[in-house]
Amino acid sequence: MAVDATPSIADDAPGTATSGQSRFRRAGKRMLRNSPAMIALGYLVIVGLAAVLADAITPYDLAVATGAPLASPSGEHWLGTDSLGRDVFTRLVYAGQVSLRISVTVVALAVALAVPLGLVAGYRGGRVDYLMMRICDAFASFPALILMLAVAGILGPEPQNTIIALLVVMLPGLVRIVRGQAVAVRAETFIEASRSIGTPDWVIMGKRMLPSVASPVIVQATVLLGTAILAEAGLSYLGLGTQLPTPSWGNMLRESYDTALFSDPFLVVLPGAAIALTVLAFNTVGDGLRDAFGIANQGPKGRSQRRGITTVTRRKPATPAPALATDDLLRVEGLRVEFDSGTGPVTVLDELDLTIRPGEVLGLVGESGCGKSVTALAISRLLPSPPGRITAGRVVLDGTDLLGLSLTQMRRIRGRQVSMIFQDPMTSLDPAFSVAHHLIEAQRNHGRVDRATAKRRAVELLDLVGIPAATRRMQQFPHELSGGMRQRVMIATALANNPRLLIADEPTTALDVTVQAQILDLLRSLQKELQMAMLFVTHDLGVIADIADRVAVMYAGQVVEQATVHDVFASPRHPYTQGLLRAMPSSLTPPGERLATIPGTVPMAHAFPTGCRFAARCDYASDRCSQAPVPLVEPDGKTLVRCVLAEPAGPVPLADPVPAARPTEEAT
Amino acid sequence: MSPPPAAEPGAVDRETAAEPAARLVDVVKDYRLRRSSLFGSRETLQAVAGVSLTIARGRTLGLVGESGSGKSTVARLMMRLVTPTSGSVEICGTDVTHLHGTALRRMRQRAQMVFQDPYSSLDPLSPLKDSISEPLRTQLTMTRAERAERVVELLRQVNLRPPYADRYPNEMSGGQLQRAAVARALAPRPELLVLDEPVSALDVSTQAQVINLLQDLQVELGVAYLFIAHDLSVVRHISHHIAVMYLGRIVENGPADQVYEHPAHPYTAALLSAIPVPDPVRQRLPRIVPVRGDIPSPTDPPSGCRFRTRCPFAMDICREVAPPPFRTPSGTVTHCHLHEHGPRLCGRSVTELEATDVPTARADAEAE
């Protein structure tokens, strides 16, 4: 088998622009840009260094009086002296050393214990997990402060007992966090794959689960360091932690409070400030790490997104829609949609034109990434903004340009003249409301209908979509229905107000084949009965053959062919359409023979070539193709094709220049 | 009673008398669910209700079914990722039903799995060379250099250039990544590959690449496939035999072209007629075997024949007795009363029936 030697146009395939960088490096870069976190980190570095180099930087002994008591800051004593004449600066630095040593030890021990325990609990599940979690629950049910005080009080005031007291309180929480993350990773398929390879359990836990667990643990550990400092300070303040004369910020605070509150309040402020700033710094760094690792991403939502309508920013003022020359129900003209990406705006749809006549079904077909769903959402202005934006074009429904409407006006159109059904029946119905509620609300949103009438109509609608025992179904909730049933309910809701246009975005993709057949039959008969127009978006050419009157084939954000359904299948004119049809296993290719494939991959939206976007993968490509953007032409009065070969003169040959067996495997 | 294993379609490969790559005999897998209420009894979900099948060396068995059919559970039973409640599982002649620990891990060298979604079946935090060489580190003793060499060899076999070894999954397209998953599965030179919907998540043009690759690899390496999918036209293209599952049971099992062109079971015929064909004229003809209602819940399957609640040809006997296996002259084994009762098809295709041929007793309204 020959190795792929042909470079493809999008060799750096879909995905992030960064290549091969570990996420730690990526996180590090993001941290560097976060100023508050970097300042806090700088502060912590200084404090840490001071603690480590305490002997070197402190001028005096920490236990010996070296000056007059309660002296003010001076050249000799930078922060003054305390009530016993000891240098405050020296004591403060050594106190930092003590506090940091204790908190670092506690957190290091906590992590060292929590990670293996949490991983095992999450990986094993079952009784092991149950037991461990109940033990953690038992500890967590005590108020943390009281538990800590009790342990410290019982064990006594040595530093190791402080560590134990803090550990007892912090460990259960950390174990829970690790275990939660481990359970989430455990459910991923690649863990099952590792098991199926025969990898031993401990290798799976260490190599496959640990990295996923690492980020939340790092963040939590950082915050815990701050908590530990605070807790230790509290214990020392109460006399249960570090004992004088060994200074810690907590007992320094206590000592100053007792002896110098009114005579020298500065002495109280100093250790208090040290505690507060350090804890604040740890929390800030922890937040920064959380953002850098991308945990719990909550980006700010633009106002438009909350408003529920796609922003339209057209540079030219929209000319008022001319009186319709034809009797089209829907005309999309020159639609352009942009998305904000990390590297600037990207044009995803470009100069898109579509028309739908009343009562007609237009099938919009293409593979993933071609822009068909974006088109469907843009027409009803349901694209989230940000990151989406309509930057040019018109969407004229029965004489009205939808892109010029306000949210209120748009709401009157949605559900009434234009209805939409979506792909995933699991999430399209609100699980908190009954079937009846969905159907009744759909009607009452668009006019004053009394509940009794709305209810009767709801039952009619359920009958219309073929749901047996409709009255009983009305009271049921979405989770009590199968996928096919939910889809029928969604269709019923969409039809409640007799829309003129139904936009269906992959409505059968998530359904079983036999259920899909039923839903397609249903849609086809409803469409005929109600004389409703449909825009049917799908990737499945078989579904298109079932239901569409006319077909628009999309590739890389453009319509490349538009024709009647019979013409598209019998004599496809665009090489991409031809390639798609040949690549499907069907009666065209006998079993056992190689399927014809389309070499290369779809170009990415930020790297669309200027000329024909399919040229790099096309068997008929020539220089002419890449020179300039290729317009849609109408070679014979009924089919539209975006191809330089579609001269009005003659039809594009249905192919055969494609050799049956390709000498080199195209692959990408 | 199920027929003796030697009579299973797909078992006898006349060219070699070697034992089959895989064999399941009467395998049952039950799951116990949570109690419905505090004092209610625990429900049992019978995901696989007595399945027997055989895969000959170097051949492909296509396994087709919709949701609730149990086909994914069969895959995991074959890989011994779950333990059967009863029945036996054999890989290359070795009974692996009750293996554990090291013995089970050693068996894994002979059977590997490819999953549906390559983005979640490969560790997103590891570069490809790590993932692809994982079976090598587990099963074989090789030096690092030998492993690196083998990784390059595997990449070439699946038509990926060597530099891809350093890439991460999120930098690759779906088709490329699925090929990398195949490379990983081939690393320990297995006799059997279990592919669980390997092309369902891919675009049509990418599906074709992966299907072609799998066919080439089978010829080159002689590896057997269990190819699981819901799309019969894809399965037909690549399989030597096809088994159709419904609610935990196999309803039909036979040579691929026989099953596809002369289905002996109404469900197979229904599946075939439900697949949308890219031909507007044929597609819009009325469906040959219309199917009513939705798939029943696996926790409460219908009595007798499990398909009877949706079958347009259901008879009285279908409610009472589970249909025994019937062997057609062409080598297909099917479980349907229509062959020996009622219209007595005796092995002819179900598509020859009209709904009026059958003295239909209305099946119970579908329980929902």
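For the numbers below, each heavy atom of this structure counts, side chains included, while hydrogens, waters and symmetry mates do not. To find a chain, count down the sequence lines: A is the first, B the second, and so on, and within it residues start at 1.
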Given the options A:Lys207, A:Arg208, A:Glu188, A:Gln518, which has more heavy-atom pairs under 4.5 Å with chain B than any of the others? A:Arg208
Using a 3.5 Å distance criterion without hydrogens, assess whether the side chain of A:Arg486 forms a donor-acceptor pair with backbone atoms of A:Pro478. yes
From the list B:Gln215, B:Met113, B:Gln207, B:Met107, the residue making the most non-hydrogen contacts under 4.5 Å with chain A is B:Gln215
Of the backbone (N, CA, C, O) and the side chain (C-beta and beyond), which part of B:Leu125 lies under 4.5 Å from a heavy atom of chain A, both, or neither? side chain
Measure B:Pro135 against the heavy atoms of chain A and call it side chain, backbone, both or neither at under 4.5 Å. both
Is the terminal nitrogen or CZ of B:Arg167 (NZ for Lys, CZ for Arg) located under 6.0 angstrom from the six-membered ring centre of B:Tyr164 and within 45° of that ring's axis? yes
Between chain A and each of B:Val114, B:Leu271, B:Val204, count heavy-atom pairs under 4.5 Å; write down the option with the most. B:Val204
Can you tell which part of B:Arg106 gets under 4.5 Å to a heavy atom of chain A, answering side chain, backbone, both or neither? neither
Quick check: do B:Leu160 and B:Gln176 have side-chain heavy atoms less than 4.5 Å from each other? yes
May I ask you to name which of A:Asp521, A:Val185, A:Ile191 has the most heavy-atom pairs under 4.5 Å with chain B? A:Asp521
Between B:Gln109, B:Met79, B:Gln112, B:Arg137, the one whose heavy-atom pairs under 4.5 Å with chain A are most numerous: B:Gln112
With the threshold set at 4.0 Å, does a side-chain nitrogen-carboxylate oxygen contact exist between B:Glu261 and B:Arg236? yes
Within the structure provided, determine whether A:Phe190 and B:Glu134 are in side-chain contact (heavy-atom separation under 4.5 Å). no
For B:Thr138, is it the side chain, the backbone, both or neither that has a heavy atom under 4.5 Å from a heavy atom of chain A? side chain
Is any side-chain heavy atom of A:Phe536 closer than 4.5 Å to a side-chain heavy atom of A:Leu523? yes
If we only count heavy atoms from C-beta on, is the A:His566 to B:Val281 side-chain gap below 4.5 Å? yes
Are side-chain heavy atoms of B:Ile295 and A:Ser482 found at a separation under 4.5 Å? no
With A:Val551 as reference, evaluate A:Val365, A:Asp567, A:Thr577, A:Thr564 under the side chain to side chain contact (heavy atoms under 4.5 Å, CB included) test and give the passing residue. A:Val365
Comparing B:Thr206, B:Asp231, B:Asp130, B:Ile238 against chain A, the one with the most heavy-atom pairs below 4.5 Å turns out to be B:Asp130
Need one label for B:Ser126: side chain, backbone, both or neither, based on atoms under 4.5 Å from any heavy atom in chain A. side chain
With chain B, which of A:Leu520, A:Asp201, A:Leu541, A:Val565 has the greatest number of heavy-atom pairs at distances under 4.5 Å? A:Val565
Who wins among A:Val568, A:Val203, A:Ile547 for the most heavy-atom pairs under 4.5 Å with chain B? A:Ile547
Name the region of B:Asp279, side chain, backbone, both or neither, that has any atom closer than 4.5 Å to a heavy atom of chain A. backbone
Should the pair B:Arg76-B:Asp196 be classified as a salt bridge under the 4.0 Å nitrogen-to-oxygen rule? yes
Counting heavy-atom pairs under 4.5 angstrom with chain B, the leader among A:Gly369, A:Ser194, A:Gly579 is A:Ser194
Less than 4.5 Å to any heavy atom of chain A: does that hold for the side chain of B:Val277, its backbone, both, or neither? backbone
May I ask you to say whether B:Arg284 pairs ionically with A:Asp546, meaning some side-chain N is under 4.0 Å from a carboxylate O? no
Please verify the inter-ring angle class for A:Tyr576 with A:Phe614; under 30° counts as parallel, over 60° as perpendicular, anything in between as tilted. perpendicular
Option that, when pairs with chain A are counted at under 4.5 Å, heavy atom only, ranks first among B:Ser120, B:Ala208, B:Ala274: B:Ser120
Below 4.5 Å from any heavy atom of chain B, which atoms of A:Asp540 appear? Answer side chain, backbone, both or neither. side chain
Heavy-atom distances under 4.5 Å only: say whether A:Glu367 touches chain B with side chain, backbone, both or neither. both
